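Working notes, structure below.
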Amino acid sequence: MNAPHQKGAAVRLEGVVKRYPGFQLGPLDLVVEPGTVIALIGPNGAGKTTTLNCIAGLLVPDEGEVSVYGRDTDPNRPAYRADLGYVGEESGFFKRWSVRRNFEFLAGFVPSWSLQRSQELAERLALPLDQRVAALSRGNLTKLSLVAAVAHGPRLLLLDEPTAGLDPVVRAEVLDLLWEITEDGEHAVLYSTHVLQDVNRLADELVFIRKGQVAVHSGREALIDGWRRISFRSSEPDVALEGVVEHRRVGGDHQVVSNDAATTLGQLDRLGIEPTGVSRMSLDEIAVLILKEEHDVARSAS
Amino acid sequence: MWRVLRAELSYSRPWLLGAFGIAVGVAILITLIFRVVDDAEAIRNAVGLRAMFVIMGPLIVCFIVQGYRSEERRARLLLAGPMTPRQMALVNTLLPVAFCLVGLAAGSVSIGLDLVLDTGVSSSTLYLAGYVGSLLFMMAFLGLLVQESVAAYRQQRRAGAGVGWTIFVLAVLVQAGLSAVSVITQGQLGWPELFGGNLVIAAAASSASVILHSRRTDFTR
C-alpha cells in the first residue's frame with residue numbers, strides 16, 4: 001500500500017480556504033516534510049480540526065490545493081488514503097460490535113490493513129479486543145482509533161487532539177507509541193493539541209493557528225531560543241525596539257518580551273542600555289503570548 | 001461497496017430479528033383475536049394484516065439503521081478506506097432496497113403459508129399490505145433526500161439544496177394527489193398506479209440523493 005515512488009512533501013497545502021458562516025480558514029500554506037512531526041496549536045475554534053479534515057479529505061476546500069505525498073486529496077480519487085492514518089474525535093466504528101469485529105471489518109475493507117499488526121498493537125496497549133466499542137472508556141477509544149489508523153502502515157498520521165481527556169498513564173502509552181512510530185524518521189505526523197507538554201516530547205515544528213490563520217510557524221528549538229523576557233532600566237518612557245511583542249514599564253524599569261532576542265539585545269547594546277535581566281520563557285508562556293489576540297507576532301522561522 | 005453493504009446488514013441483524021419477532025408476535029395476536037371474532041371476512045383481513053406487519057418490520061428497521069449510521073458517523077470510517085462518495089451514496093440507497101427485499105421475501109412466505117392453508121385471502125387485502133410496504137419504502141428514500149438536502153444547505157450548496165427540496169415537495173404532492181384521487185373516485189385508481197407512484201417517487205428521491213451525496217464537500221457529519 002505504501003508508495004515509495006511518490007516523492008515530495010508528505011503534506012502540501014497551497015492557498016487553502018474553507019469558509020463557514022462567521023469563520024474562514026486560510027488562505028493557508030503549509031508543507032510537512034517526510035519525517036517531520038508538526039504540532040498545530042491554537043485555541044478552540046481556531047481552525048486546527050478544519051485543517052486536519054481538509055488534509056484527510058473529509059472536507060473539500062473552497063479554494064486551494066491539498067496533496068498527500070504528491071496526490072490530491074480528492075474524495076473521488078481515494079488512492080491518497082493509502083498513505084494516511086487519521087485519529088479524530090469520531091472514527092465511525094460499529095459501536096455495537098466488539099473491537100475485534102471492527103478490526104476484522106477493516107482488515108477486509110482497507111487494503112494492506114494488517115489484522116496481525118492491529119492485534120499486536122492492541123495487546124501492547126492493553127486494548128480489550130472482545131469489548132464492545134460502545135462500552136470502551138475514552139482512553140481505550142483513543143487507543144482503538146490509533147491502532148485503526150496505523151494498522152495499514154500509513155506514512156502520514158493526522159491526529160486531532162490525541163491525548164485530550166486521557167489520564168497520565170494512557171497519555172504516556174499513546175505518546176510512547178507515537179514516539180516509536182516517528183522514530184524511524186520516515187513518518188510524518190501532524191497533530192493538533194492543547195497539551196504543550198506533548199509538544200516538548202514529540203514536535204519538531206510548531207504551527208500556531210489563530211482565527212483560521214497561521215500566526216507563527218517555527219521550529220520548536222528556534223522558537224524557544226528566540227523568545228526572551230528582557231529587563232532593563234531607562235529614563236526614556238518609550239524605547240522603540242524590534243521584535244518586542246509585549247512591553248511593560250514601571251517608572252524607569254522596563255520589561256519586554258521579545259520573539260527575536262538577538263535583535264532586541266543588539267539594539268539595546270547599540271543604545272547603550274545594559275539589560276538587568278534576560279530569562280528564557282516556557283513554551284506555555286510563549287504560546288499564550290502568540291495566541292493572545294492583541295499581539296502581532298507573525299513570524300515564520302525554522 | 002458490497003462488503004460494506006454486507007457489514008451493515010450483518011450489523012443490523014439483531015434489530016431485524018427483533019422486528020420479525022415483534023411482527024410474528026403481532027401476527028399471532030391478530031390471529032387469536034380474529035379467531036375469537038369468528039367472522040370469515042375478519043379472518044381474510046387478518047391474513048393481509050399479518051403480511052403487512054412482516055413486510056413493514058424490516059423497513060422500520062431500515063429507518064433505525066439509517067439513524068444509527070448517521071449517529072455513529074459511519075462515513076468517517078468508510079472514508080478511511082477506498083470508497084468514493086458515490087459508492088457511499090449507493091450503499092445508502094441499496095440499504096433500503098435490501099431491507100425491502102427481506103420484508104418482501106418474509107411477507108411472501110407469510111402469504112404463501114396462508115394460501116397453502118387456504119385461509120381465503122383476498123387479492124385487495126394483499127395489495128393493501130404491499131401498498132403500505134411501498135409507502136414505507138418510498139419514505140426511506142425521502143428521508144435520505146431530506147438528509148442530503150439539509151447537508152447541501154449547510155455546505156452552502158444552495159442550488160443542490162433547492163433541487164433536493166423541490167423534488168421532496170413534488171414527491172409529497174404527487175403522493176397526496178394519488179391518494180386523494182384514489183379516495184375521491186372510491187377505488188377507480190388501480191393498485192398499479194398507486195404502487196407505480198410510490199416507486200417513481202422512490203426512484204427520483206434515491207437518484208437525487210446519490211447525486212447530492214456525490215457532490216458533498218463535508219463528510220464529517
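Residue numbers start from 1 in every chain, and the chains themselves are labelled A, B, ... in the order their sequence lines are given, proteins ahead of strands. These numbers come from a predicted model, not from an experiment.
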Review point. Roughly how far, to the nearest 0.5 Å, is the OG atom of A/S91 from the CZ atom of B/R74?
Key: 12.0 Å

Exercise for review: Measure the shortest side-chain to side-chain distance between B/T84 and A/P78 over non-hydrogen atoms and say whether it is less than 4.5 angstrom.
Suggested key: yes

Point to revise | Non-hydrogen side-chain atoms of B/T217 and A/K18 separated by less than 4.5 Å | key: yes

Exercise for review: Using a 4.5 Å cut-off on heavy atoms from C-beta on, say whether the side chain of A/F94 contacts that of B/E8.
Suggested key: yes

Practice item. Check the side chains of B/S12 and A/R96 for a donor-acceptor pair under 3.5 angstrom, ignoring hydrogens and angles. Key: no

Practice item. Assess whether atom CZ of A/R124 is packed by more than 12 heavy atoms of other residues, nucleotides or ligands within 6.0 Å. Key: yes

Point to revise | Part of A/Y20 within contact of chain B (heavy atom distance under 4.5 Å) | key: side chain

Review point. Does any heavy atom of chain A fall under 4.5 Å from the side chain of B/E72, the backbone, both, or neither of them?
Key: both

Study note, to complete from the structure: Shortest non-hydrogen pair, B/S10 vs A/R101, comes out as OG-NH2, 2.9 Å

Review point. So does B/R13 have more than 12 non-hydrogen atoms from other groups sitting under 6.0 Å from CZ?
Key: no

Review point. Are B/L77 and A/L106 close enough that some pair of their side-chain heavy atoms sits under 4.5 Å apart?
Key: yes

Check your understanding: What part of A/N53 is in contact with chain B, defined as an atom under 4.5 angstrom from a non-hydrogen atom: side chain, backbone, both or neither?
Key -> side chain

Practice item. Go through A/L59 and B/T220 one step at a time and tell me if the side chain to side chain contact (heavy atoms under 4.5 Å, CB included) criterion holds. Key: CA-CA 7 Å; A/L59 286 174; B/T220 59; 4.2 Å; yes

Practice item. Would you indicate whether A/Q116, at its atom CD, is surrounded by more than 12 heavy atoms from other residues, nucleotides or ligands within a distance under 6.0 Å? Key: no

Review point. Do other residues, nucleotides or ligands put more than 12 heavy atoms under 6.0 Å from B/Y153 OH?
Key: no

Review point. For the ring pair (Phe, Tyr, Trp, His ring centres under 6.0 Å) test, which of A/W97, A/F105, A/F93 pairs with B/Y11?
Key: A/W97

Review point. B/L79 versus A/Y86: any side-chain heavy-atom pair under 4.5 Å?
Key: no

**Study point:** Nearest-0.5 Å distance, CG of residue A/N76 to CE of residue B/M83
**Key:** 12.0 Å

Practice item. State, to 0.1 Å, how close A/F109 and B/L78 come at their nearest heavy-atom pair, and which atoms those are. Key: CZ-O, 3.5 Å

Check your understanding: What is the minimum heavy-atom distance between A/R81 and B/G81, and which atoms define it?
Key -> NH1-O, 2.5 Å

Review point. Where on B/R216 is there a heavy atom nearer than 4.5 Å to chain A: the side chain, the backbone, both, or neither?
Key: backbone

Point to revise | Residue A/E65 excluded, over 12 heavy atoms near CD under 6.0 Å | key: no

